[in-house]
Amino acid sequence: MTGEKFYITTAIDYANGEPHFGHALEKIGADVIARAHRQMGRNVHFLIGMDEHGQKVAQTAAALGIEPQTFVDEIAVKFRTMWDLLGISYDQFIRTTDAPHKSGVRAFIKRIAEASPEDFYEKEYEGWYCVGCELFKRADEIVDKKCVLHPTRDLEWTKEKNWFFRLSKYQGFLSRLVEERPNFIQPESRRNEIRALLASGLEDLSITRARLAWAIPFPIPSPATQGPSPEVQGTWVWFDALPNYLTATGYPAKGFKDRWPASLHIVGKDITRLHAVVWPAMLQAAELPLPERVWGHGFLSFGGERFSKSAGVKISLTDEIARFGPDAFRYFLLREIPFDGDGSYSVERFEAVYTSELANGLGNLASRVTAMIEKYRAGVVPPAAAASLDAEDGADLAAAQSALDGSRGYLLHEALDAIARTTTRANLFIQTSQPWALAKDPAKSAELDVVLAALVRSLARQAVALAAYMPNKAEALWTQLGGPGTAGAMPYAQLAALQATGWQVKKGDGLFPRPAEPASI
RNA sequence: GGCAGGGUAGCUCAGGUGGUUAGAGCACGGCACUCAUAAUGCCGGGGUCGUGGGUUCGAGUCCCACCCCUGCUACCA
């Protein structure tokens, strides 16, 4: 690969539980973008990983009676197993307990201390602490002496000495960033929220915690506690987790700039502000290049409840993947949930979409085309001129590509909608041209060639276009068609001119078997 | 409480700057066809466009009020 570099990341997942639907949606979406960019000829590096420090991890491990490292090791295995099952094509898996990450974080903090010495300072912090939020609250978040989000609880006045990062200093810088680079934070709804946040003013961030043992020790000694046993604070999540995108490149080792800056951070909409405000300020303080773009995707709900919340949702990720397999699951999530907004998951919808679009639509189309090539042309695709189908597919495939090349953001649901139209068009094309009738008239043999070859080309294009979404099924289809190499390795640039003459078609098992009929009375 | 977005067929949603009978997909009903995973194609039924006012020759599309939903409201992704 020699193309333009494309460094894509997802949020690192907090190692305090099992992978759930929300994690899966993000990884699948990022994986599709990564795979698609490979087919666009980019030099892709796809990073995912785990956030493994913090109080909750330490507490959970303690409750289980095991060391935190042992605990996160087990969690990391569970996540990687899930990503392998779902076919996530990541190039690198970073963990914040990796030694290179920990040393990279220290180097990054020291770099800021050198480049922007006034940006770190110690302060005795005190304020109203909401036990519900587990946060200090600002005055404008307090109404009637109660937290607006937890009005039934009393606030507690709490004190702690911490290191702070002078985020307020970067307010002007960040405002210009968001105004001058409208693509920096997308989609538009997220950008509006960030603009509102910037307009309301920024406060400095506390970036360490006392008595936090399961963390990277903050590398700057406290001037106030010099002596035989200086107090060492634990580095709080901001400076531990966010720099993973940077330390993954090998920072501070020479050569990290071969990969940095990141092209695209895919994150949940709940943490877009961290990536669009805090992270750029940190990088600017270190005088390092900023990422090109942050994309805040939406959330998945189930019967009105968040998947990410621990309570109530009684639906298993592994069960849903097993229902029709990983590829169909990937397809459904991205088809059903707009990648720039929220959506809800329902088993009924999954079954409906699978049956109508994958089994009856694409699967049956492949079945009827391969059957006709075998029956009428002994399995060999005949040479033939282009048909109306080829030209008409072009617009949809272009739309599918433009929906995820970044020019309009990353609208994966729109891309799948466009590809689905090519499936519908091919089924209609068969009905209109009636190849079975052409086959009965020897004088119409050339006409039949045109129809059959066009259908194989259409399916081949669909296999290539769908390879990012359903990698296994796309290859299964490609193999049945007798295409060269793999569908996933076929560049989008070659789609329009794709030929299939001479391919050896071999009808195989149904791509998407219809679900078993429910037992009726 | 503040800010932002939204409420259109059973379900998911389209509907630039107001203009003939409000559209698509799915689901449902009928017909056609047979290459195919009883799949496909065609036709059809189905909507007081959140509520109430207003502007206009004319409003889903503009204005006002109200109701409801969602998101954001920065320190544990």
Side-chain angles (χ1 to χ4, degrees), chain A residues 10-14 16 22-23 26 51 53-57 125 133-136 138 140-141 143-144 148-149 162 164-165 167 188-190 192-209 212 215 236-238 240-242 267-278 298-299 301 304 308 335-336 338 341-344 346 348-349 352-353 355-361 363-376 413 417 420-421 424 426-432 434-439 451-452 455 507 509-515 517:
Chain A
T10 65
I12 50 176
D13 299 310
Y14 197 52
N16 193 34
H23 296 127
E26 176 172 297
D51 174 16
H53 286 127
Q55 200 66 48
K56 284 185 181 171
V57 163
Y125 191 76
C133 297
E134 298 184 347
L135 294 175
F136 287 102
R138 290 176 303 165
D140 64 350
E141 293 174 311
V143 171
D144 198 24
V148 288
L149 303 177
N162 301 129
F164 277 70
F165 173 61
L167 182 63
E188 197 62 22
S189 54
R190 300 298 145 221
N192 286 340
E193 288 166 9
I194 296 301
R195 294 172 79 180
L197 169 63
L198 290 170
S200 75
L202 296 178
E203 290 189 359
D204 292 347
L205 283 180
S206 66
I207 57 168
T208 63
R209 285 295 181 277
L212 176 63
W236 199 230
V237 61
W238 319 125
D240 181 346
L242 286 167
V267 298
K269 64 183 187 181
D270 54 335
I271 54 173
T272 52
R273 61 178 179 271
L274 302 181
H275 289 76
V277 174
V278 179
F299 281 160
S301 66
S308 54
R335 180 89 166 99
E336 187 76 355
D342 295 340
S344 68
S346 106
E348 292 71 26
R349 284 288 298 169
V353 169
T355 301
S356 94
E357 295 188 10
L358 295 180
N360 296 351
N364 184 51
L365 174 67
S367 175
R368 57 200 307 207
V369 170
T370 52
M372 285 191 283
I373 295 283
E374 289 193 339
K375 186 169 179 178
Y376 301 142
H413 54 294
D417 191 53
R421 286 199 295 271
T424 301
N427 270 319
L428 178 56
F429 181 73
I430 295 177
Q431 187 67 28
T432 308
Q434 306 204 3
W436 54 89
L438 299 175
V451 169
L452 294 177
L455 286 167
K507 181 172 182 173
D509 294 337
L511 235 38
F512 301 100
R514 285 176 60 84
E517 288 294 326

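Residue numbers start from 1 in every chain, and the chains themselves are labelled A, B, ... in the order their sequence lines are given, proteins ahead of strands. No hydrogens, no waters, no symmetry mates; every other heavy atom, side chains included, goes into these values.
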When the [atom1] atoms of [N] and [M] are considered, how many whole Å apart are they?
N	M	atom1	result
B:G46	B:A22	P	12 Å
B:U55	B:C64	P	15 Å
B:U56	B:C67	P	28 Å
B:A9	B:G50	P	8 Å
B:G52	B:G15	P	25 Å
B:G30	B:C68	P	43 Å
B:C35	B:U61	C1'	47 Å
B:G47	B:G5	C1'	24 Å

Classify the nucleic acid contact of [X] as base, sugar-phosphate or nothing, counting any heavy atom under 4.0 Å across all strands shown.
X	result
A:Tyr376	sugar-phosphate
A:Ala359	base
A:Ser206	base
A:Leu365	nothing

**Study point:** Spacing of A:Ile430 atom CD1 and A:Trp436 atom CH2 [to the nearest 0.5 Å]
**Key:** 7.5 Å
Check your understanding: What's the spacing between A:Thr272 OG1 and A:Leu197 CG if we round to 0.5 Å?
Key ->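 Taking OG1 in A:Thr272 and CG in A:Leu197, the distance rounds to 9.0 Å.
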Review point. A:Gln55 and A:Tyr14: which non-hydrogen atoms are nearest, and at how many Å?
Key: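 Closest approach of A:Gln55 to A:Tyr14, heavy atoms only: N-OH, 4.2 Å.
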Practice item. Could you tell me which non-hydrogen atom of A:Ala420 sits nearest to which non-hydrogen atom of A:Arg335, and how far apart they are? Key: CB-NH2, 4.0 Å
Check your understanding: Any Lys/Arg nitrogen of A:Arg349 or A:Glu336 sitting under 4.0 Å from an Asp/Glu carboxylate oxygen of the other?
Key -> yes
Length of the [atom1]-[atom2] vector between [X] and [N], whole Å:
X	N	atom1	atom2	value
A:Glu336	B:A27	CD	P	13 Å
A:His275	B:C72	NE2	C1'	17 Å
A:Asn364	B:U40	CG	C1'	7 Å
A:Ile430	B:G41	CD1	P	10 Å
A:Arg349	B:G10	CZ	C1'	12 Å

I want to check one thing: is the phosphate of [N], taken as OP1 and OP2, less than 4.0 Å away from some side-chain N or O of [X]?
X	N	value
A:Arg190	B:C72	no
A:Lys507	B:U37	yes
A:Arg273	B:U73	yes

Review point. Between the base of B:A39 and the side chain of A:Asn360, is there a donor-acceptor distance below 3.5 Å?
Key: no
Exercise for review: Check if the side chain of A:Ser356 and the base of B:C26 share a donor-acceptor pair of N or O atoms closer than 3.5 Å.
Suggested key: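 Absent.
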Check your understanding: Of A:Glu357 and A:Asn192, whose nearest nucleotide on RNA chain B comes first from the 5' end?
Key -> A:Asn192
Check your understanding: Going through the checks in order, is the side chain to side chain donor-acceptor pair (under 3.5 Å) test met by A:Arg514 and A:Asn364?
Key -> CA-CA 10 Å; A:Arg514 285 176 60 84; A:Asn364 184 51; over 6 Å; no
